[in-house]
Amino acid sequence: MLRLLSLAWVLIVSASALTTHSKPQPHDTTSSYFIPFVVQNVSAQAQFTSGVLDGPKVHPINSSVWDWWYFDAVTLDATSRASVVVTFFTTPQTAFPLLPPSDYVTVAYIWVSWPNGTLWSWVMDADGATVIVNEGGGGASGTWHGTGFSFTSTPELEYKIEIDSPGAGVVGSISFQPTSPPHYPCGPVAPGQTVLLSTHLGWENAIPDAVTVVDLRVRGERLAFTGSGYHDKNWSDQPFGTHVYSWYWGRGRLGPYSLVWWDIFTVAGTESLSAYIARDGNILTASCAPGSVLARPTGNTTYPPVLSGPNPTGYHVEFDLGEEGKLVLDVDVWANLVEENPEYGRFVGGMEGLVVDAKGVKGEKLTGTALFEQFKLRD
Ligand SMILES: *[C@@H]1O[C@H](CO)[C@@H](O)[C@H](O)[C@H]1NC(C)=O
Ligand SMILES: *[C@@H]1O[C@H](CO)[C@@H](O)[C@H](O)[C@H]1NC(C)=O
Ligand SMILES: *[C@@H]1O[C@H](CO)[C@@H](O)[C@H](O)[C@H]1NC(C)=O
Ligand SMILES: *[C@@H]1O[C@H](CO)[C@@H](O)[C@H](O)[C@H]1NC(C)=O
Ligand SMILES: *[C@@H]1O[C@H](CO)[C@@H](O)[C@H](O)[C@H]1NC(C)=O
């Protein structure tokens, strides 16, 4: 039975779409996927051109591929260190070594930082996962069976994570009200766009920024705040680290701007970039062109960073705004949101920056909060 289950990849066109009498609207059609928890010993296929936003992208999950849905929320209160990250993995540890050892590929992971900076995290194996995608406009709902962790979305990409997990000792919800449009690594969401961020690395960002309400009880204590939230997914048909030498990713809200940056250094010695800026609900830039963004560490560190080197104290980031000039900012690390480890850091910090227009005239000083991370995998 287990074996049978492990081989199943079930695609069901939802009954509601079939029984409707009026002409179905695109968003009426959903597909349901079951991802077994057992690693599959066959070749996998990954999708690297735009398809349904937020659907599963790799099938089946063998020992060297990975696919996951990532969500975070961070306070905008500069005196608090509150944040929460929830990731829904369909990823074996053999493909992503930063996961704890497990025979399960379906894993739910939560990381919490309390307002006082104290960290807490929990990871749970799921008895498989069900993901239901909206074939029309995109968006997905997912249930990681047996963990009490699930997420849902509306056609407007309003996501909600619901947790009722006696195992983790967590109950409550996190809801995301998007403030800026989704995008792919090199442009807005549109048919025929690439979703390749770097070599063999797929990425799509359903929620670059959102008004996010966190209301959780974690081991009996309440973590509640309204802040800035984010959701993306990434996937690959190769183990993480095959191509990645180091990477910087970050996102945040600076004055009226919602920002996302990627600056990846590959094993081949090339740089992959992706820049996104939205203001007042409109995309100002969504690009992977050379020079679209540059992120560099500050403090006692090198670029590219090496595994044995220290973490930076911050980053200097410059976005190209085209005719509007440049957005130049400095990020200052306030706290690490994961336990110290040489390969990976996820940080909350403050941002300070300004727009420098095409004539070099500086705009007013802007401040904000960022959530950002770095991998450094080699010496
Ligand atoms: C995976 O399949 C290959 C080819 O069928 C076989 O040689 C190998 O032993 C299998 N590995 C596992 C872990 O089952
Ligand atoms: C898993 O799939 C990938 C991508 O197709 C392939 O390169 C790899 O060899 C597969 N691994 C196994 C164990 O079949
Ligand atoms: C930080 O806050 C958490 C949650 O309220 C609490 O459990 C923990 O004891 C606090 N830690 C310190 C060092 O005060
Ligand atoms: C995927 O992206 C999220 C942030 O967007 C990040 O936290 C995560 O580490 C990324 N991982 C990989 C392997 O792409
Ligand atoms: C800078 O980092 C190097 C290790 O990369 C370390 O040996 C050195 O002591 C550091 N210097 C300072 C001033 O922290």
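Just follow the structure's listing: the first ligand is 1, and inside any ligand the first atom is 1. Note that the structure is predicted; figures quoted are calculated from it, not measured. Just the heavy atoms: all of them, side chains too, but no hydrogens, waters or symmetry mates, feed the values below.
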* To do: Enumerate the residue pairs fulfilling side chain to side chain donor-acceptor pair (under 3.5 Å) with a member in residues 265-278, sequence neighbours excluded, ordered by first and then second residue.
  => S198-S272, T266-T270, E271-R296, E271-Y303
* To do: Only heavy atoms count here, so choose which of V42, N41, N62 is nearest to atom 6 (C) of ligand 1.
  => N41
* Any protein heavy atom under 4.0 Å from atom 9 (O) of ligand 3? -> no
* To do: Decide, yes or no, whether a salt bridge links D232 with R251 under the criterion of side-chain N to carboxylate O below 4.0 Å.
  => no
* Using distance alone, with no hydrogens and no angle criterion, decide if T75 and D77 have a side-chain donor and acceptor under 3.5 Å apart. => no
* Asked: ligand 2 and S43, any nitrogen or oxygen pair closer than 3.5 angstrom?
  -> yes
* **Residue, atom name and distance, where the atom is the protein heavy atom closest to atom 12 (C) of ligand 3** => N116 ND2, 3.3 Å
* Using a strict cut-off of 4.0 Å, indicate which atoms of ligand 2 neighbour a heavy atom of S64. => 1 (C), 8 (C), 10 (C), 11 (N)
* Short side-chain donor-acceptor distance under 3.5 Å, S113 and S83 -> yes
* Among all protein non-hydrogen atoms, which one is nearest to atom 5 (O) of ligand 2, and what is the separation to 0.1 Å? -> A44 O, 2.5 Å
* To do: Output yes when a side-chain donor or acceptor of R253 lies under 3.5 Å from a complementary backbone atom of T367, and no otherwise.
  => no
* Structure fact -> A student checking ligand 2 against D237 at a 4.0 Å heavy-atom cut-off should list atoms 3 (C), 4 (C)
* What is the closest protein heavy atom to atom 7 (O) of ligand 3, and at what distance does it sit? -> E221 OE2, 2.7 Å
* Asked: Taking the side chain from D67 and the backbone from K57, do they hold a donor-acceptor pair closer than 3.5 Å?
  -> yes
* Which of the atoms of ligand 2 are close to S63, meaning less than 4.0 Å from one of its heavy atoms? -> 13 (C)
* **ligand 3 N/O within reach of T118 N/O, cut-off under 3.5 Å** => yes
* Side chains of D209 and S180: do they bring a donor and an acceptor to under 3.5 Å? -> no
